[in-house]
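The block underneath contains the structure these notes are about, expressed in structure tokens.
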Amino acid sequence: MALSLSEIKDRAIRFAQEWQGETREHAEAKAFWGDFFNVFGVNRRRVATFEEPVKKLSGQQGFIDLLWKGTLLVEHKSRGKDLDKAVQQAKDYFPGLKDHELPKYILVSDFARFRLYDLDEGTSVDFALEELHQHLHLFSFLTGYQKRQYQAEDPANIKAAELMGELHDALLQGGYHGHKLEVLLVRILFCLFAEDTAIFEKDAFRAFLEEHTREDGSDVGTQLAQWFSVLDQAPQDRQRQLPAHLQQLPYVNGSLFTEFFPFPAFDKALREQLIRCTYFDWSRISPAIFGSLFQSVTDPVKRRNLGAHYTSEANILKVIQGLFLDELRQELAAAGQNRTKLDQLHRRLEKIRFLDPSCGCGNFLVVTYRELRVLEQEILERQFAAQVATGQTVDLTLYARVQVDQAYGIEVEEFPARIAEVAMWLMDHQLNLRLSEAFGNLYLRLPLTRTAKIVHGNALTTDWEAVAPKDQLSYILGNPPFIGQAWQTAQQKAEVAAVAKGLKAVGALDYVSAWLLKAAQYIQDTTVKVAFVSTNSITQGEQVSILWGELMQKYGVKIHFAHRTFKWSNEARGNANVFCIIVGFGLETPTQCALYDYPTPKAEPLKRLVPHINAYLVDAPDIFVANRTKPLSKVPQMVWGNKPSDGGFLILSTEEKNELLTKEPSAAPWIRKYVGGEELIRGTERWCLWLVDASPSEIQRLPLVKARVEAVRKTRLGSIAPSTQKRAATPTLFVQVAQPDSDYLAIPEVSSERRIYIPIGFLPKEVIASNTVQMVPDATPYLFGLLTSTMHMTWMRHTCGRLKSDFRYSSSLVYNNFPFPSSPTPKQVAAVEAAAQQVLAARAQFPMESLATLYDPLTMPPALVKAHQQLDKAVDLCYRAAAFPTELSRLEYLFAEYRRLTEPVLDAGKLTKPKRATKKVAAEE
């Protein structure tokens with residue numbers, strides 16, 4: 001068992017007093033270093049060897065004075081000798097050591113002076129023997145009281161996961177797999193961590209493997225079984241005949257070592273691989289993120305990109321700070337040194353219960369628990385400052401009240417659920433060591449009598465109240481799965497529908513919506529608050545009125561705080577781009593709301609306190625933009641393009657067109673250029689047979705065209721849709737004909753979310769628009785300018801539907817609801833028209849380029865960028881004189897205009913409820 005800091009300090013003072021005299025003899029040097037290690041409660045014989053033989057780079061034989069493999073190399077000289085030479089001599093031994101044997105520290109001494117080198121940090125400290133007690137913090141690798149700042153990008157977490165991955169693969173290749181492999185790895189992780197953080201004696205697990213198992217590995221499995229069994233036994237229940245290295249093990253309990261299962265067969269190589277793991281400093285890992293990395297070791301694909309699959313602590317803190325942490329910190333600041341107020345806050349912390357219903361490996365639970373414990377320690381340090389200052393001992397078992405069993409989780413996969421439990425224990429222990437350091441006496445929670453309640457199950461089919469009683473719970477938080485409606489399996493769609501309980505248009509919802517709905521159902525008649533991370537799609541487009549209409553109108557949810565769109569990421573290699581929001585809500589009406597806006601998705605947030613946050617995460621009333629049959633403003637009607645439903649027989653590729661004209665030149669008058677979203681954006685070509693004005697006799701004279709018409713008739717007759725069957729009577733025509741008699745504006749229905757502007761173009765009336773394009777006949781340059789402006793694009797991004805992640809533009813949701821400028825002056829209209837013409841002129845400078853390349857954010861020509869900037873200024877002035885500094889400011893203005901336009905006509909206006917699109921749409925490639 002580790003010593004308290006006060007005991008170590010007393011030992012250091014006595015050690016210095018006893019060894020003040022000169023040390024000359026070799027035997028005395030051994031005794032000196034034996035006593036030195038004993039200061040820290042470490043058995044030198046267990047961890048380090050004297051005169052370790054090693055080959056130098058020159059080939060000469062050398063002997064290291066003292067080597068603790070993987071941790072410390074000691075080189076001593078006679079009193080008064082040059083310590084610089086001792087350091088160089090120590091480094092000369094490195095080439096003869098294996099990688100896992102290389103030390104992290106070099107300690108050189110002449111028995112009166114010490115110099116410690118931290119090779120990881122690149123630092124060194126000199127001090128005298130009598131000052132040892134003042135520098136105990138330098139030897140935290142001996143005491144176990146290591147104070148660390150855990151960084152998400154710390155390569156130690158990656159290295160640790162890679163070590164476990166290699167061990168996992170070796171066991172798997174030996175035929176050991178499934179549940180028993182996962183449990184074994186979790187147990188080994190605990191032991192590796194325990195020997196580096198004062199749960200076990202220092203390096204006890206390594207010594208056990210090296211000294212008490214055979215080199216050929218034949219007995220490692222059975223020895224591990226006994227080791228784990230002892231950890232699960234109270235001391236009074238253990239056999240008296242157990243060897244000393246097992247008797248001294250602590251009683252862990254916590255069910256971690258209870259389950260029995262067959263252990264794997266080890267060989268020499270596998271034993272050595274396990275021992276190599278013990279040479280890593282496991283105290284360096286962060287339980288907050290290592291869990292996710294550890295989970296990825298079981299997936300070779302994920303392991304190739306280690307680091308991209310965990311949630312960064314900075315993003316987790318965004319959730320918990322808005323949910324409760326900021327409030328608690330304000331309460332702590334207000335309490336000051338007032339013991340009564342501090343005690344009240346402490347008791348509040350003790351009662352907090354939190355649930356993550358998609359907890360994975362426990363990232364959110366671990367960080368939340370850590371922050372509560374950090375707050376508790378600050379309270380205790382204030383309450384007992386006088387006792388600590390005078391050296392009095394504080395019984396921490398009486399006052400450390402925040403416990404791991406305040407956390408609840410639900411996880412659909414068993415392995416991460418078990419990792420989450422262990423991660424909570426590991427974090428608890430690290431926090432206990434931190435508390436021990438602050439108060440100078442060791443505080444451990446062994447045996448593990450309490451544990452976080454992590455339920456292995458599907459959160460959408462599990463009764464949350466059976467996991468965490470709602471009358472005890474304080475907060476629900478987490479990061480539910482990001483699965484769009486287009487990517488859901490049939491089972492996932494069924495789960496969402498079951499949670500939604502008859503909600504119409506539920507098929508349009510993302511998977512994460514089910515967690516919001518289930519949370520809203522759970523918190524009824526409680527004060528429980530909720531905060532989830534989600535893709536930003538649930539606050540944009542058709543999902544808003546479906547999901548948030550239900551949440552707010554049926555369940556009474558109010559948004560308390562929100563982070564608008566930002567890049568959910570970490571600094572790990574291979575990180576994917578996911579754009580997310582955070583939304584916190586409850587049933588209580590907040591006095592004010594915190595709205596965090598990001599100037600760019602990668603920027604730091606700007607916090608604003610606002611009176612209200614609506615479902616679009618805007619400071620505006622609760623308005624839901626629903627489908628509308630006619631425009632709110634006085635603008636031309638937008639219509640769908642022409643729908644063929646022809647089985648492909650009226651549509652021609654360039655090759656098919658050329659072949660037809662070669663064989664039937666007389667068909668030329670009936671072939672038109674055919675443009676859909678793909679052709680408009682990418683500049684590809686297709687053609688169609690447009691037989692609207694063709695007489696029967698003219699078609700009769702074109703046998704190849706007639707054959708295609710016949711094929712259309714048969715295709716429609718074979719359709720399962722009665723409306724399409726009826727159209728078999730007119731096979732020469734598209735089923736939906738909407739081609740205007742004038743030139744028109746064409747807007748692609750689907751466009752990449754990467755683009756700042758949807759590519760919009762003018763097309764002549766002779767070009768036939770497909771049903772993947774929407775048209776505005778008789779459109780003016782002014783209207784083109786408005787629709788291709790940033791103002792309209794801002795509205796579109798937040799109100800349009802989505803196809804996978806691409807924008808899906810619709811007239812009923814976007815165009816018809818867009819607040820066009822209400823009363824622009826003739827001068828302002830002329831300025832927009834002139835700027836719009838400049839945009840078209842800038843495009844015309846690149847006649848060989850498609851709109852796709854012109855509007856790619858990476859390749860957009862500077863001339864086109866500048867033209868759009870001028871257009872945006874002209875359009876903005878049509879709304880107001882003041883500039884719009886951010887997208888949020890534009891959106892807030894547009895919603896205010898939308899409310900002004902809709903309030904008089906909300907009852908009389910022609911609104912339709914959102915519904916799933918029945919028309920099939922192809923995502924843009």
Side-chain angles (χ1 to χ4, degrees), residues 318-331 333-334 475-477 516 519-520 523-524 526-534 536 538-541 543-545 547-566 580-599 603-626 791 794-795 797-799 817 819 822 879-880 882-904 906:
K318 289 177 183 177
V319 174
I320 63 177
Q321 284 170 344
L323 188 60
F324 65 85
L325 190 58
D326 286 347
E327 178 188 344
L328 293 177
R329 289 219 158 268
Q330 290 170 6
E331 191 171 336
Y475 307 106
I476 300 172
L477 72 168
L516 276 78
I523 66 174
Q524 295 301 299
T526 74
T527 58
V528 176
K529 296 179 181 178
V530 184
F532 283 134
V533 182
S534 169
N536 56 10
I538 68 165
T539 58
Q540 298 173 351
Q543 292 196 61
V544 175
S545 56
L547 173 63
W548 291 97
E550 185 83 346
L551 290 172
M552 293 179 170
Q553 295 168 1
K554 180 176 181 179
Y555 296 111
V557 160
K558 281 88 174 177
I559 295 177
H560 292 179
F561 78 96
H563 285 255
R564 289 173 50 77
T565 299
F566 65 96
C580 297
I581 54 97
I582 296 170
V583 59
F585 61 86
L587 301 182
E588 297 177 351
T589 301
T591 54
Q592 61 180 5
C593 307
L595 182 60
Y596 298 84
D597 187 39
Y598 294 73
E604 290 299 309
L606 303 175
K607 180 181 178 181
R608 290 172 54 206
L609 294 178
V610 297
H612 187 76
I613 300 175
N614 72 9
Y616 296 90
L617 305 190
V618 173
D619 175 17
D622 289 330
I623 295 173
F624 301 105
V625 179
M791 206 68 173
T794 298
W795 180 260
R797 275 191 290 272
H798 289 82
T799 59
N817 285 301
S822 57
Y879 285 98
R880 72 182 190 190
F884 295 98
T886 64
E887 180 175 271
L888 180 58
S889 64
R890 293 180 184 275
L891 203 56
E892 289 174 343
Y893 181 89
L894 288 171
F895 270 105
E897 284 293 284
Y898 177 80
R899 186 184 187 194
R900 181 183 63 79
L901 291 168
T902 55
E903 276 187 333
L906 278 177

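Aromatic ring centres of Y616 and W795: separated by at least 6.0 Å.
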**Q.** V625 vs V544, side-chain contact (heavy atoms from CB on, under 4.5 Å): CA-CA, chis, key distance, verdict
**A.** CA-CA 8 Å; V625 179; V544 175; over 6 Å; no
Q. Which is it for L606 and Y596 under the side-chain contact (heavy atoms from CB on, under 4.5 Å) test, yes or no, and what are the steps along the way?
A. CA-CA 5 Å; L606 303 175; Y596 298 84; over 6 Å; no
Q: Could you go through the side-chain contact (heavy atoms from CB on, under 4.5 Å) check for I613 and V618 one step at a time?
A: CA-CA 5 Å; I613 300 175; V618 173; over 6 Å; no
Q: Please report the C-alpha distance between K558 and F585 in whole Å, then the side-chain angles of each, then the deciding distance to 0.1 Å, and finally whether the side-chain contact (heavy atoms from CB on, under 4.5 Å) criterion is met.
A: CA-CA 5 Å; K558 281 88 174 177; F585 61 86; over 6 Å; no
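Within the model, atoms CG of D619 and OG of S889 stand 12.0 Å from one another, a figure rounded to the nearest 0.5 Å. To the nearest 0.5 Å, atoms OG1 (T799) and OH (Y898) are separated by 9.5 Å. To the nearest 0.5 Å, atom OG1 of residue T539 and atom CG of residue L617 are 4.5 Å apart. Taking OG1 of T527 as the start and CD of E588 as the end, the distance is 6.0 Å to the nearest 0.5 Å. Distance CD/E892 to CZ/F884: 11.0 Å, rounded to 0.5 Å. Interatomic distance, S545 OG to M552 CE, rounded to the nearest 0.5 Å: 12.0 Å.
No side-chain heavy atom of R608 sits under 4.5 Å from any side-chain heavy atom of D597. The side-chain heavy atoms of Y555 and I523, taken from C-beta on, include no pair separated by under 4.5 Å. Between P590 and H560, the closest side-chain pair of non-hydrogen atoms falls below 4.5 Å. With contacts defined as side-chain heavy-atom distances shorter than 4.5 Å, the pair Q592/P611 does not qualify. Between L888 and L595 the shortest side-chain heavy-atom distance falls below 4.5 Å. Here the side chains of L587 and K529 are not in contact, with every heavy-atom distance at 4.5 Å or above.
Shortest non-hydrogen contact noted between A883 and P885 is O-CD, 3.3 Å. Residues A519 and F532 come closest through the heavy atom pair CB-CE1, 3.9 Å.
Distance alone, capped at 3.5 Å, is enough to place a donor-acceptor pair between the Q524 side chain and the A520 backbone. A donor-acceptor distance shorter than 3.5 angstrom exists from the side chain of W548 to the backbone of I538, with no hydrogens or angles considered. Within the 3.5 Å criterion, the main-chain N or O of I623 finds no donor-acceptor partner in the side chain of N614.
Under a 4.0 Å N-O distance rule, the pair E897/R880 does not qualify as a salt bridge.
Between Y879 and Y893, the two ring planes are perpendicular [angle over 60°; tilted spans 30° to 60°].
Among residues two or more places apart in sequence or in another chain, the salt bridge (charged side-chain N to carboxylate O under 4.0 Å, His left out) test is passed with E887 by R564, R797. In this structure, the side-chain hydrogen bond (donor to acceptor under 3.5 Å, both in side chains) partners of Y598, at least two apart in sequence or on a different chain, are K318, H563. Evaluation of the side-chain hydrogen bond (donor to acceptor under 3.5 Å, both in side chains) rule for D622 yields H612 as partners, not counting sequence neighbours.
For the side-chain contact (heavy atoms from CB on, under 4.5 Å) criterion with V533, the lone passing option out of L477, V583, I582 is I582.
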